[in-house]
J.: 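Okay, handing you the structure first.
Reckoned from all heavy atoms, side chains included, excluding hydrogens, waters and symmetry mates. Order of listing sets the numbers, starting from 1, for every ligand and every atom in it.
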Amino acid sequence: MSDTGRLLRALECRACCAEVAPDHPVGTCPTCGHTLLARYALDHLDGRNWARAVSGRLPTLWRYRELLPVAQMESIVTLGEGGSPVLPLGEVPEAPGIDVLLKDDGGLPTGSFKARGMAVAVSRARELGLSRLFVPSAGNAGVALSAYGARAGLRVSVYLPAATPAAMQRGCRQYGATVVTVPGTIREAGEAARAAEGPGGGFDMSTLREPYRVEGKKTMGFEIVEQMGGALPAAIVYPTGGGTGLVGMYKAFQELRELGLLERPPRLVAVQPDGCAPIVTALREGSPRATPAPSPTTIAPGLLVPAPFASERVLEAVRATGGTGTVVSDPEIERAVGRLAARHGVSASPEGAAPYAALPRLVAEGAIRAGERVLLYNTGSGLPFVAGTPASG
Ligand SMILES: Cc1ncc(COP(=O)(O)O)c(C=O)c1O
Ligand SMILES: [Zn+2]
């Protein structure tokens, strides 16, 4: 059994079929500018043996290291990410007859699932010799990059919408990152970041504009299959902003299928706020890509992504699994945050509560059905939101 990502063969663009060698830093496809995804030599891995070896390892995401892109064990930058619990919630009043479970990434380092992508991407960035990284972020990705950058000894700059919760802004600074706030959404933060950094600046760690964060997110799918085994959920309900988590889980399911470790993947269900729902709109309209959401607004900062960069890949992940999408209102999200806490003892951010908020609509729309088991993904802790701190600081 090889140890770390010796099976990584190429970075490939699904839009124009270009292939790039993975041995130097690269962002998007040099030919067409779309997302590059890692391809592994899966035929060099015996699926059953691999699954057995994985099951004996520590419960971090590095247990899947043969299918992660970091070449040397010494390159791994870790804070113990991965291995989050799947909590049974039982039957909830808003979804009669449905067996509801929740995968809770709120306890991961830096309080969100963003730790998964940043642990892998920062490890690989350092391995490839990068020393300065930047990211536009709604908050959680910035905190995660700041933490892993500090651990790796790399310089980090974070560009945040001015309305980002103050606790997240302070968090980035505490880890030693340079923080720049920008009026508007993550779209404007991204434009400001790329203009400020320019050629010779830091390396862009934006979601799906570099190939390795999605590899870390892939471990959400690996974990779900490993933890739930023969009792896989019929559907996974996921709070969707840029959609990296959906692309990552779909990639995990494809790789597990190729290894003979999965027959049929769960349906991937995208939940977005009704004030910013470009992916759900595209799903409903049958479009191949999303149109930017007009006048985007929501209380869930991570879901305020009016123009997801790789919408084609996100839509592919949902459609290929027979999934769907729905929207929730801000009051519904707020109510779900309260219910998750009071009924189930779960601290969820507004994003992480959106799947719970969506349950009644998913039942009404026939997207989930009585007798099914459904997994909600809580992507982040509610703690940074509890204090109700003002947005600046
Ligand atoms: C807590 C939380 N959930 C969900 C998302 C959306 O993530 P994705 O890019 O996977 O759609 C974000 C992004 O910032 C987030 O911070
Ligand atoms: Zn291309």
Side-chain angles (χ1 to χ4, degrees), residues 10-20 26-37 103-106 108 110-118 135-145 158 160-161 164-165 168 171 185-186 189-190 206-209 211 213-214 216-218 220-221 236-251 268-273 276-280 290 298-305 307-315 317-318 325 333 337 347-355 376-385:
L11 301 172
E12 57 186 16
C13 173
R14 302 250 169 106
C16 78
C17 299
E19 286 209 356
V20 183
V26 58
T28 52
C29 173
T31 308
C32 77
H34 278 81
T35 300
L36 290 170
L37 294 173
K103 186 156 170 71
D104 191 2
D105 270 12
L108 259 50
T110 71
S112 85
F113 78 125
K114 299 280 182 186
R116 295 178 184 272
M118 287 304 183
V135 77
S137 164
N140 283 317
V143 179
L145 178 61
V158 179
L160 301 171
T164 303
M168 292 182 182
T185 68
I186 192 163
S206 297
T207 204
L208 298 172
R209 285 184 198 257
R213 279 177 67 187
V214 70
K217 302 273 180 75
K218 190 173 80 175
M220 299 191 293
I236 298 172
V237 188
Y238 183 79
T240 305
T244 328
L246 292 170
V247 177
M249 285 191 279
Y250 178 54
K251 191 167 190 287
L268 292 173
V269 177
V271 176
Q272 296 200 292
C276 185
I279 295 291
V280 175
T298 173
I299 57 164
L303 307 187
L304 193 59
V305 185
F309 177 67
S311 64
E312 292 95 333
R313 299 281 75 77
V314 182
L315 294 165
V318 173
I333 291 177
V337 169
S347 166
S349 61
E351 300 90 341
L376 312 180
Y377 214 111
N378 176 24
T379 43
S381 163
L383 289 180
F385 298 86

J.: With side chains defined as the heavy atoms from C-beta onward, is the minimum distance between Pro308 and Ile279 less than 4.5 Å?
T.: yes
J.: Where the Zn ion (ligand 2) is the corner point, what angle links SG of Cys32 with SG of Cys16, to 10°?
T.: 110°
J.: Distance-only, no hydrogens or angles: does the Thr298 side chain make a donor-acceptor pair with backbone N or O of Leu304 under 3.5 Å?
T.: no
J.: Tell me, please, if Cys17 has any N/O/S atom, main chain or side chain, under 2.8 Å from the Zn ion (ligand 2)?
T.: no
J.: Evaluate Thr207 against Phe309 for side chain to side chain contact (heavy atoms under 4.5 Å, CB included), listing each step before the verdict.
T.: CA-CA 8 Å; Thr207 204; Phe309 177 67; 5.9 Å; no
J.: Is there any protein N/O under 3.5 Å from an N/O of ligand 1, and what does the full list of such pairs look like?
T.:
unit_1	atom_1	unit_2	atom_2	d
ligand 1	3 (N)	Thr379	OG1	2.7
ligand 1	9 (O)	Gly242	N	3.3
ligand 1	9 (O)	Gly243	N	3.2
ligand 1	9 (O)	Thr244	N	3.3
ligand 1	9 (O)	Thr244	OG1	3.1
ligand 1	10 (O)	Tyr238	OH	2.5
ligand 1	10 (O)	Thr244	N	3.2
ligand 1	10 (O)	Gly245	N	2.8
ligand 1	11 (O)	Gly241	N	2.7
ligand 1	11 (O)	Gly242	N	3.3
ligand 1	11 (O)	Gly243	N	2.6
ligand 1	14 (O)	Lys114	NZ	3.1
ligand 1	16 (O)	Asn140	ND2	2.9

J.: Tell me every residue that passes salt bridge (charged side-chain N to carboxylate O under 4.0 Å, His left out) with Lys114, counting only those two or more places apart in sequence or in another chain.
T.: none
J.: Indicate if the distance from the Zn ion (ligand 2) to the nearest N, O or S atom of His34 falls below 2.8 Å.
T.: no
J.: Between Glu312 (side chain) and Ala15 (backbone), is there a donor-acceptor pair under 3.5 Å?
T.: no
J.: Give a yes or no on whether the backbone of Leu108 and the side-chain of Thr110 come within a donor-acceptor separation of less than 3.5 Å.
T.: no
J.: Checking the side chain of Glu19 only, and the main-chain atoms of Ala10 only, is there a donor and an acceptor separated by less than 3.5 Å?
T.: no
